[in-house]
Amino acid sequence: AMDTDLSSQDRKDLDKFIKFFALKTVQVIVQARLGEKICTRSSSSPTGSDWFNLAIKDIPEVTHEAKKALAGQLPAVGRSMCVEISLKTSEGDSMELEIWCLEMNEKCDKEIKVSYTVYNRLSLLLKSLLAITRVTPAYRLSRKQGHEYVILYRIYFGEVQLSGLGEGFQTVRVGTVGTPVGTITLSCAYRINLAFMSTRQFERTPPIMGIIIDHFVDRPYPSSSPMHPCNYRAGEDNGAVYPSVEDSQEVCTTSFSTSPPSQCVFTVTKAHFQTPPPVVTDTLKVPVMGLAFSHQLSSSRLSYQPAALGVGSADMGYPVLFAGGLNAAHPHQLIGPGKEGGIPPVPSQPVHGTQADQERMCTPLDGVHYSAATPSSSEDTETVSNSSEGKCGSPYDLLETIFIRKVGAFVNKPINQVTMANLDIPFAMFAPKNVELEDNDPMVNPPASPETESPLHGSLHSEGSSGSSTGNTHDDFVMIDFKPAFSKDDILPMDLGTFYREFQNPPQLSSLSIDIGAQSMAEDLDSLPEKLAVHEKNVKEFDAFVETLQ
Amino acid sequence: PLSSRCCGPSSAAPAMNCRAEVLEVSVEGRQVEEAMLAVLHTVLLHRSTGKFHYKKEGTYSIGTVGTQDVDCDFIDFAYVRVSSEELDRALRKAVGEFKDALRGSGSDGMGQISLEFYQKKKSRWPFSDECIPWELWTIKVNVVNLANEQERQICREKVGEKLCEKIINIVEVMNRHEYLPKMPTQSEVDNVFDTSLKDVQPYLYKISYQITDSLGTSVTTTMRRLIKDTLAL
């Protein structure tokens, strides 16, 4: 006769097994949607840390999100852990693809041995999960993500919501494991008919701010959790370093407006900060970078996201997304993807205080195609879209971060200002590279030169912008596709063309130009104290920046 | 050291208490290998554990099983297999022989490959050890010939979809948690598991295949248990 009550040790073990099973389940699912092949090694000597005797890596952010969703609870009757996989296009359309559900029902198996049978069956169930995650339609989609769309995941705990999957969704059961406290069930409900991804099938989502706020407000979830992109490369074990956001907030609200005209200003338009900058906890540092970028950007940059967007439950994934094209990362990375501080040439109009114009960089679905338009000096913010479909602009009108590239203090030509719809670099003003456009270079400027106000330009700018830049021949330019042959690397979205564009025309040192040479040494020396004062004032940012390098 | 002799006569029919699952696929000639490997690896993923390390007092610890994704070249399909080169080699060898036999003369492109899990039961001399199968997977294969590239492309997708269904079927069977051999003591472990691999430990298994010749009679080609010392490597 067996004691039907679970011993306390067994109960503790069981709870631990279920908890880690839930965490590993999330890891397997998210990793299966990263878009890359997973490979882990077998090890004959037990390491003691591989739960269920399976080598499943733990992506720290994913574990973090899962723990956050579970909030110390375990799946129980009516309280299921769900991992929602969805797709989001570069135009902002999104669609739920799958809901993976880890549920518990009341059917108990009192006789089963916890430490042995349950554990082994959970291990078997994870193996089944590994197999099944490769056979649902979303797997193939996720392997092709990055250019036109990205795959996001969201974890929630509570009632399962399948309504977003459309009609006729199918269910596949991964498996069940009976335990003395209930039966664990793992299943997946997935949308079918993904073959035709017409826009009709996608929900039109409101602008990013709206997405973040409205998208989840309507749902009956107890906790609205943010969506995260499934494109984190778990290469580095960065030990889950999530620096606080305060530093980056400071950065983003600082302006160097006292600087000479040649220096650019970095501001964030306050107008779009609907909510006070959030207190961002570690859990909001969601890997946002595109597949090839995460390893190039430090985690402190990721931390910049929420501040820049002014969003509470920072929906990190979104800014990543509207830039389709090469990578689903930030638009600026179209220009210099993966490059530290890669930002396009920036037109430099002195920005007056917080007033700045806004434009959006967008990219068409393939190749790199961007335009830097001179902001008008009017007060209205413009949103400019130059995607090939011309649709990029709309959902992201509210993206407000304006970045004006800092040109080195000694560069003679003021460069055009480009406002980036979304910028993740906290210390962008220290961005090392400025790319100056050369009129003469046909590779940089297409024959239809910016000055001639091509029809393309006309459609890109609202009235009033055309004449705004005076005496600056680099105001508007449109770079059309520059695709060097054989330059695409499947692993890194950055291609040779982008690299070339980025680096080919560094600004000329002012000391080499005749004009500046005419300045006297005394003038230089005189301006030094002023410059030093400015730098001293911003010593905190420098320090924080230095810290990110360590 | 494992006996290189196959224990007992290998019967085509499953023994009592041995559950049998049959899967059928129609594939193009060049897809045979990948399709078979996908199914066999998926089954073995579920039927392999980490290496056992026995300690004092009859307790043991289990090693870690790694996994990896495999993309098929001729089928729009990907699957997960155990990270073990030895196991992969063994399966590839078996599947390669099966494929060659299918292509050989006398074959009309129909055959089946079987993966049998068994337990060894030691018998006293002069009787040889018994092999008691407890699970038998049979994959029936029908090789089709396609006329043009367009058909091949459709076949790529269709076979991929079919294999997805097979994986789901396999997982369903695995989930039934039906009979599995008891976890053995150290002295018994070789009667239950194949301990010859260095990084993983599948249950004892053997792979055999049959080709149906054009006359409709089945020509049995039984392969010995795939262990290292019987492979002509």
Side-chain angles (χ1 to χ4, degrees), chain A residues 28 31-32 34-57 109 112-113 116-121 123-137 139-140 142-143 170-178 183 185-188 195, chain B residues 38-39 41-53 55 59-72 76-87 157 160-177 180 182-183 195 197-201:
Chain A
V28 169
Q31 288 175 29
L34 289 179
E36 48 180 14
K37 286 163 73 164
I38 305 296
C39 180
T40 58
R41 297 187 56 191
S42 301
S43 159
S44 77
S45 356
T47 61
S49 64
D50 291 321
W51 273 94
F52 308 106
N53 309 120
L54 285 173
I56 298 172
K57 262 183 136 158
D109 184 345
I112 203 169
K113 294 191 84 179
Y116 171 71
T117 309
V118 172
Y119 189 83
N120 286 330
R121 287 188 181 177
S123 175
L124 196 70
L125 187 51
L126 276 175
K127 290 172 179 173
S128 296
L129 182 65
L130 282 162
I132 296 289
T133 43
R134 273 66 178 172
V135 304
T136 54
Y139 180 72
R140 304 205 63 219
S142 68
R143 289 291 299 269
Q170 293 196 349
T171 312
V172 60
R173 171 184 273 197
V174 183
T176 62
V177 173
T183 298
T185 312
L186 187 53
S187 60
C188 173
Chain B
V39 171
H41 267 304
T42 300
V43 172
L44 276 161
L45 167 69
H46 290 81
R47 293 287 180 247
S48 300
T49 77
K51 300 259 324 157
F52 283 12
H53 297 273
K55 301 187 264 206
T59 61
Y60 61 94
S61 57
I62 309 179
T64 300
V65 171
T67 57
Q68 55 189 223
D69 279 307
V70 181
D71 286 340
C72 293
D76 287 347
F77 185 72
Y79 60 93
V80 175
R81 69 167 173 90
V82 163
S83 287
S84 165
E85 293 314 309
E86 287 174 278
L87 186 63
E157 293 164 14
E161 288 168 24
K162 273 288 166 204
L163 285 177
C164 288
E165 289 173 28
K166 303 306 161 195
I167 303 303
I168 295 175
N169 293 344
I170 294 170
V171 164
E172 268 170 12
V173 171
M174 298 300 178
N175 177 57
R176 287 185 210 147
H177 301 303
L180 280 180
K182 271 208 287 252
M183 284 300 152
T195 57
L197 292 93
K198 69 175 199 296
D199 43 14
V200 296
Q201 193 174 284

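Lettering follows sequence order; numbering is per chain, from 1.
Between B:Ile168 and A:Val135 there is a side-chain heavy-atom pair separated by less than 4.5 Å. Using a 4.5 Å heavy-atom threshold, the side chains of A:Arg134 and B:Ile167 count as separate. Inter-residue side-chain proximity for B:His177 and A:Leu124 is flagged as met; some heavy-atom pair is nearer than 4.5 Å.
One distance of note links OG1 of A:Thr176 with CG of B:Asn175; it measures 4.0 Å at 0.5 Å rounding. Here the NZ-OG distance, from B:Lys198 to A:Ser43, works out to 11.5 Å after rounding to the nearest 0.5 Å. Atom OG of residue A:Ser128 and atom CG of residue B:Leu45 lie 7.5 Å apart, to the nearest 0.5 angstrom. With rounding to the nearest 0.5 Å, the separation of OG in A:Ser45 from CD1 in B:Ile62 is 14.0 Å. Taking CD of B:Gln68 as the reference point, atom OG1 of A:Thr40 lies at 8.0 Å (rounded to 0.5 Å). Here A:Tyr139 contributes atom OH and B:Phe77 contributes atom CZ; the two are 10.0 Å apart, rounded to the nearest 0.5 Å.
For chain A, the nearby part of B:Val200 is the side chain; its heavy atoms alone come within less than 4.5 Å. There is no contact between A:Phe52 and chain B, counting heavy-atom distances below 4.5 Å.
For the residue pair A:Ser42 and B:Ser83, the shortest heavy atom distance occurs at OG-O, 2.7 Å. What you find for B:Gly66 and A:Ala55 is that their closest heavy atoms are CA-CB, 3.8 Å.
At distances below 3.5 Å, not a single donor-acceptor pair connects side-chain atoms of A:Ser44 with backbone N or O atoms of B:Gly63.
Taking chain A as the reference chain and counting heavy-atom pairs below 4.5 Å, the highest number among B:Val82, B:Val80, B:Asp71 is found for B:Asp71. When each of B:Thr67, B:Asp199, B:Thr42 is checked for heavy-atom pairs under 4.5 Å with chain A, B:Thr67 comes out on top. When each of A:Cys39, A:Gly178, A:Ala32, A:Ser123 is checked for heavy-atom pairs under 4.5 Å with chain B, A:Cys39 comes out on top.
For the residue pair B:Thr64 and A:Asp50, a side-chain donor N or O sits within less than 3.5 Å of a side-chain acceptor on the partner.
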